[in-house]
Amino acid sequence: MTLIRLEKISRRYQMGTELVHALREVSVEIQRGEYVAIMGPSGSGKSTLMNLVGCLDSPTSGRYELNGTDVSQMDDNQLAEVRNREIGFVFQTFNLLPRSNALHNVELPLIYGGMGGVERRRTALEALAQVGLADRVHHRPNELSGGQRQRVAVARALVNNPSILLADEPTGNLDSKTGTEIMALFEDLSRKGNTIIVVTHEEEIARHARRILRIRDGLIASDELIGAAAAS
Amino acid sequence: MNFFTELREGLSISFAAIRANKMRAALTTLGIVIGIVTVTLMGTAIEGLNRSFMQSVSTLGADVLYVSRQNWITRSHAEWLLMMKRRPISIDQYRALEKQSPFALAVAPTTEDGMSVKFKNRRSDSVDVIGTTEAYLLTSGVGLMEGRFLTAAEAEGGRPVCVIGSQVATNLFIREPALGSRITVGPRTFEVVGVLETQGSMLGMNSLDNRVIIPLRQFTTWIWNNPDLDIAVKVKNVVELEDAREELRHVMRRIRHVAPGEPDDFSINQQDQFVEMFHRVAGTIGAIGLFITGLSLFVGGIGIMNIMFVSVAERTREIGIRKAIGAKRRTILLQFLIEAASICLLGGLIGLAVAWPVTLVIQKFLPATMSFTIVGIALLVSLVTGVLSGFFPAWRAARMNPVDALRAE
Ligand SMILES: Nc1ncnc2c1ncn2[C@@H]1O[C@H](COP(=O)(O)OP(=O)(O)OP(=O)(O)O)[C@@H](O)[C@H]1O
Ligand SMILES: [Mg+2]
């Protein structure tokens with residue numbers, strides 16, 4: 001079943017007199033349950049694509065269907081709702097609220113989703129347990145290691161069962177050992193049926209995925225299935 | 001989305017933010033504090049002034065009309081000169097008026113002069129010596145501390161008796177009893193038959209207790225032969241005060257032979273005129289206070305707006321994170337509005353805490369109290385200032401593009 005359908009999506013930035021083409025008429029489809037890696041040189045448009053898929057940004061032209069609904073014409077508040085219900089984001093720099101503890105960080109999407117206190121707390125604790133942080137729920141981000149912080153971010157991304165998990169270089173700020181741990185976590189989530197899209201520079205990381213999209217200059221240069229997915 | 005969950009979250013975020021920058025928040029509130037102190041003190045002062053004024057005015061009596069040659073309050077020097085040219089009100093006119101006033105409960109003529117009064121080797125200076133009749137007891141509403149007031153026979157006759165104010169009594173009599181003693185007023189001695197209750201002063205001006213009341217006949221015999229009288233008319237029914245006033249005017253015109261079409265050559269005063277003057281004074285105080293309050297709240301509001309812009313800029317990334325996980329515009333807007341309002345409320349509370357002891361000091365001069373109304377108004381004003389000055393920064397935060405916000409350092 002098609003979860004994401006991009007049709008001739010372009011994103012241009014006006015920089016003074018110069019027009020920067022971050023994405024040029026990109027068309028791609030991603031099915032529910034897929035695990036996709038996006039690769040490409042710096043400045044090729046990976047983050048731009050992720051932000052569009054994650055509804056953080058709107059395309060300059062083109063059509064984006066998420067779960068069968070056209071989101072390219074939605075207004076700010078509708079997009080906020082889509083982000084809250086359908087999208088889970090994991091960033092390179094973790095992006096946790098520094099003054100809040102792990103539990104509250106994970107509760108936040110549920111607060112914006114309007115879930116009541118008791119159920120919210122239970123759901124957040126479950127999500128933290130799922131990423132192996134049941135014993136760190138009252139720690140603030142600065143009291144956690146990098147890997148633990150990224151786990152909190154993953155728990156926050158997953159806590160309200162989004163349709164897609166988006167991760168823009170999730171291991172970029174981690175050493176290779178913790179990076180591998182996070183990737184193992186992703187693999188686990190993928191096996192449980194989550195749809196995952198990961199941006200990465202590292203071939204080794206990308207090989208965890210079933211499909212690799214390579215981007216160059218705002219265009220899709222290649223789109224290949226790998227490993228078990230390619231074989232089937 | 002659940003509004004109360006959102007509100008709770010907004011409150012906890014802004015408290016955390018304020019706690020993280022205590023010093024900054026406290027300094028920012030300075031303008032608000034000054035504004036709230038002014039608004040509170042002004043309100044307290046006006047309320048106190050009001051009360052002391054009403055106390056003074058009530059001694060004049062709401063149901064008494066005062067016929068005089070002049071208005072109590074003149075608006076210009078020219079008007080005053082014009083009134084000074086009017087004929088004095090004579091004793092004959094008073095007698096005629098008394099006969100023709102069915103609407104009056106009591107009609108008391110008064111005339112007065114400032115002079116010294118003596119007892120043995122003690123003297124009391126600039127005492128109001130008032131010549132009047134027994135009706136004065138009714139029109140003035142004064143009570144007696146000791147003895148009795150003048151009788152009708154004494155007012156008409158030649159017996160030299162007097163009633164003295166409490167201040168005169170304390171000035172002249174130390175060990176001797178006042179009643180039965182003879183004091184010297186002008187060229188004669190008068191026997192003290194009564195001492196008036198203490199009345200205080202009229203808005204801090206002339207004391208009502210520094211006076212001596214003698215029979216009108218005695219006054220005209222020994223002090224002025226042809227005095228200019230003021231006539232106090234206590235009406236029977238205060239509800240019909242306006243009708244009585246009209247009737248009184250007609251009677252006076254007839255008595256003073258004012259030709260039809262001519263303007264009155266006398267004035268009828270009532271305490272409203274004082275009330276009106278007072279309202280002008282209170283209005284001026286209020287306007288000045290309001291100006292200072294408005295100015296400091298404006299400056300304070302600008303300060304809050306400035307610090308909110310700083311707060312929004314500092315937390316751009318946080319805004320980006322919140323938006324990325326589903327915060328709507330109004331969620332962000334609410335969060336920063338709550339923060340601005342909380343800072344201002346804090347300022348309001350500090351302002352009240354400063355104003356409270358100052359009120360206690362004012363209380364020594366005026367019957368002032370900080371009422372719940374004033375406290376409520378002060379808090380409301382600071383809340384509104386917070387919301388108004390926080391709105392622009394909060395709106396800017398709410399409209400941020402999530403991608404740009406996340407990219408911020
Ligand atoms: N807000 C912006 N304003 C102007 N140009 C932008 C903006 N965001 C991205 N770009 C431009 O769009 C192009 C794609 O940027 P993008 O961030 O998608 O690259 P990327 O593939 O994620 O690179 P990296 O691997 O370094 O993260 C770049 O040339 C960049 O300069
Ligand atoms: Mg990038």
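In what follows, chains are A, B, ... by sequence order, proteins preceding strands, each numbered from 1.
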Would you mind telling me which of A/Asn95, A/Leu96, A/Ile87, A/Asn84 has the largest number of heavy-atom pairs within less than 4.5 Å of chain B? A/Asn95
Side chains of A/Leu108 and B/Glu9: closer than 4.5 Å at any heavy-atom pair? yes
Rounded distance (nearest 0.5 Å) linking atom CG of B/Leu406 with atom CZ of A/Phe91: 4.5 Å
Should we count CZ of B/Arg24 as having more than 12 external heavy atoms under 6.0 Å? yes
Is it the side chain or the backbone of A/Asn77 that comes within 4.5 Å of chain B heavy atoms, both, or neither? both
Within 6.0 angstrom of B/Arg396 CZ, more than 12 heavy atoms from elsewhere: no
Highest number of heavy-atom pairs under 4.5 Å with chain B: which of A/Asp76, A/Asn51, A/Thr93, A/Val82? A/Asp76
Between A/Arg85 and chain B, which part of the residue has a heavy atom less than 4.5 Å away: side chain, backbone, both or neither? neither
Relative to chain A, which segment of B/Ala17 carries a heavy atom at a distance below 4.5 Å: side chain, backbone, both, or neither? both
Whatever's closer than 4.5 Å to a heavy atom in chain B on A/Asp57 counts as both
Below 4.5 Å from any heavy atom of chain B, which atoms of A/Leu79 appear? Answer side chain, backbone, both or neither. neither
Contact listing (chain A partner; residues 299-325 of chain B; heavy atom under 4.5 Å): B/Arg315, B/Arg317, B/Glu318, B/Ile321, B/Arg322, B/Lys323, B/Ala324, B/Ile325
In terms of heavy-atom contacts, does OH of A/Tyr13 have more than 12 from other residues, nucleotides or ligands at under 6.0 Å? yes
Minimum-distance pair of heavy atoms, taken over all atoms of B/Lys328 and A/Ala80: CG-CB, 3.8 Å
Shortest non-hydrogen pair, A/Leu56 vs B/Pro402, comes out as O-CG, 3.4 Å
Atom CD of A/Glu18 with >12 non-hydrogen neighbours under 6.0 angstrom: no
